[in-house]
Chemist: 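Here it is: the structure, laid out below.
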Amino acid sequence: MQKTALITGITGQDGSYLAELLLAQGYRVVGMTRRTSTDVHERIQHLVEDIEIVSGDLLDQTSMTKVVQTVRPDEVYNLAAQSFVPTSWDQPVLTGEFTALGATRVLEAVRAVDPAIRFYQASSSEMFGKVTEVPQRETTSFYPRSPYGVAKVYGHWITVNYRESYDMYACSGILFNHESPRRGKEFVTRKITDGVARIKLGLAKELRLGNLDAKRDWGFAGDYVRAMWLMLQQGHPDDYVIATGRTHKVSDFVRIAFEAAGLGSYEPYVVVDPRFVRPAEVDLLIGDPSKAKRELGWEPEVSFEDLVAMMVAADIDRVAAAHR
Ligand code: NAP
Ligand code: F7E
C-alpha cells in the first residue's frame, strides 16, 4: 500500500529535501503552502510534476483540519515555522503564533481526523540556548535565548503532551543547525557562501557579519531529513537529538569558505557589523547524536568541510550564471 505524507513547510529548505526522500521511497507526497500573491516556490520547482499541493495556513485551525481531512495522510511532517531567529525579536507574537501555536493546530487537526496518523515536529537545538550541559542530549534542560527558541520549546512540549495525553505517535526531532545550497540567504552559512561567491566574481568587496565567535554544530540538510523519516518508522514514538557531534566557530566557516573559493585569508574582506549582533546569543551548541545512532541507525554522511565546499561551489555557479 502506498503511504501518503503531508509536509507543512514544503517550500522551505528541509521541505524540499524531505519531499525528494519520500518520493524516492514511493510515497504520495502532499505539500501544504500558504496563499501568496505570487507563486514562487523555487526550492520545489523541480518536483511540481510529482507532488500535490494543498492550500493551508498554520495560523488557521479550520484550514489545517480541512487539509488533514482531505489529504488523509499516514504521516504528517510539521516543518512550517517562522524559522529566522533575529526576526523573532522583531515579530515575537507572530513567531509564537506560527512556531508555537501552529504545532498545536496541526496536532489538533490530526487528533480530530485520525489520531493514528504519525506526527513529526521540527524541534530545534535553539531550545538549549544558554546551554546547561555539553554536549547537549535529549535529557539536557532547555534555556532558550530568543522568542524563536521559546516558541520551539512550546512546540516540543505540546508534541510530548499529545503523545502522552492521547497515545498519539508524535515525535520531536531536536535538530541542530543543518545547511545546504538551498538554505535561505539570511542564515549565516548561506550569507557567507553567497558573499564569497560575489567577492570571487568581482561583484562585492566585503562581507558584513555579526558575532564570529558563536559555535554551532553544522550538518547537511539532506542527511537530517533522513532522520525525520526514520523517527516515524519505529515501533514506538520518541524524541531524538540529530547532530554531528562536532562544533565550529562562525569564523571557521568563514575561513574554510574563503579558502575553498581560492581567495586566501578572509580578514581583508570581513567587516564585523553590530547590526548583526543579537540581543541575546547562543554561544555554543554541540549535540550528542548517540541515541539516534543506536536506535535509528542514523549517522550524518556529509562532513563539515564537504558541506562548506558544496555550498561555496553551488553559489559560485549560481552567481556566475545570473551574471552571464
Ligand atoms: P525554512 O526554510 O525557513 O522554511 C520554513 C517553511 O515554513 C516555509 O515553507 C514557509 O513557507 C513555511 N511557513 C512559515 N509560516 C507558515 C504559515 N503560517 N503557514 C504555512 N507555512 C508557513 O525552514 P527550514 O530550514 O526548512 O526548517 C524547517 C523546520 O525545521 C522549521 O520549523 C525550523 O524552525 C526547524 N528547524 C530548522 C533547523 C535548521 O537548521 N534548518 C534546525 C532545527 C529546526 P513560505 O515559503 O510561504 O515562507
Ligand atoms: O546564525 C551568528 C549568529 O542565523 C548562526 C535556524 O535554522 O538554526 C538556525 O538558527 C550563528 C549565530 O542560525 C551573522 O549570531 C554571525 O550565533 O545561521 P543563523 P541560528 O540562529 O543558529 C537553528 C537550529 C534553528 O532552529 C533556526 O531555525 O551565526 N552570526 N554573523 C550571524 N547570523 C546571521 N544570520 N547573520 C550574520 O550576519
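Numbering of ligands and ligand atoms starts at 1, following listing order. These figures come from a predicted structure and were not determined experimentally.
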Chemist: To the nearest 0.1 Å, how far is atom 30 (O) of ligand 1 from its closest protein heavy atom, and which atom is that?
Modeler: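 Minimum-distance protein heavy atom for atom 30 (O) of ligand 1 reads Ala122 CB, 3.4 Å.
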
Chemist: So for Glu97, does at least one of its heavy atoms come nearer than 4.0 angstrom to any atom of ligand 1?
Modeler: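 Heavy atoms of Glu97 never come under 4.0 Å of ligand 1.
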
Chemist: Within ligand 2, which atoms have a heavy atom of Glu281 less than 4.0 Å away?
Modeler: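 Answer for ligand 2: 3 (C), 12 (C), 15 (O), 17 (O).
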
Chemist: Within ligand 1, which atoms have a heavy atom of Arg183 less than 4.0 Å away?
Modeler: 25 (O), 39 (C), 40 (O), 41 (N)

Chemist: Compute the minimum heavy-atom distance from Met32 to ligand 1 and say whether it is under 4.0 Å.
Modeler: yes

Chemist: Counting only heavy atoms closer than 4.0 Å, does ligand 2 sit against the backbone of Lys185, its side chain, both, or neither?
Modeler: neither

Chemist: Does any N or O atom in Asn177 lie less than 3.5 angstrom from one in ligand 1, N or O only?
Modeler: no

Chemist: What protein heavy atom sits nearest atom 39 (C) of ligand 1, and how far away is it?
Modeler: His178 CE1, 3.3 Å

Chemist: For ligand 1 and Gly12, I'd like to know whether there is a polar contact (N/O to N/O, distance under 3.5 Å).
Modeler: yes

Chemist: Relative to ligand 2, is Lys152 under 4.0 angstrom through side chain, backbone, both or neither, heavy atoms considered?
Modeler: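 Neither; no heavy atom under 4.0 Å.
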
Chemist: My understanding is that a hydrophobic cluster links ILVMFWY residues whose side chain heavy atoms are under 4.5 Å apart, including indirect links. Using that, what else belongs to the cluster containing Met1?
Modeler: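 Under the 4.5 Å side-chain rule, Met1 groups with nothing.
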
Chemist: Check for me whether Arg183 has a heavy atom closer than 4.0 Å to any atom of ligand 2.
Modeler: yes

Chemist: Look at the rings of Phe304 and His248 and say which category their plane angle falls in: under 30° parallel, 30 to 60° tilted, over 60° perpendicular.
Modeler: parallel

Chemist: Any N/O of Gln82 closer than 3.5 Å to an N/O of ligand 1?
Modeler: no

Chemist: Would you kindly check if the NZ (Lys) or CZ (Arg) of Arg118 is within the cone defined by 45 degrees around the ring axis of Tyr169 and under 6.0 Å from the six-membered ring centre?
Modeler: yes

Chemist: Specify side chain, backbone, both or neither for Val85, according to which of its non-hydrogen atoms lie closer than 4.0 Å to ligand 2.
Modeler: side chain

Chemist: Which residue owns the protein heavy atom closest to atom 14 (C) of ligand 2, what's the atom, and how far is it?
Modeler: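 Here the nearest protein heavy atom works out to Val188 CG2, 3.5 Å.
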
Chemist: I need the atoms of ligand 2 closer than 4.0 Å to a non-hydrogen atom of Ser125, numbered in the order shown.
Modeler: 24 (C)

Chemist: Against heavy atoms of Ser123, which atoms of ligand 1 measure under 4.0 Å?
Modeler: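 Listed by number with element, the hits are 43 (C), 44 (C).
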
Chemist: With sequence neighbours left out, what residues match Thr87 under side-chain hydrogen bond (donor to acceptor under 3.5 Å, both in side chains)?
Modeler: none

Chemist: Counting heavy atoms only, which part of Ala214 comes closer than 4.0 Å to ligand 2: side chain, backbone, both or neither?
Modeler: side chain

Chemist: Is it the side chain, the backbone, both or neither of Leu209 that has a heavy atom closer than 4.0 Å to ligand 2?
Modeler: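 For Leu209, backbone and side-chain atoms both sit under 4.0 Å from ligand 2.
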
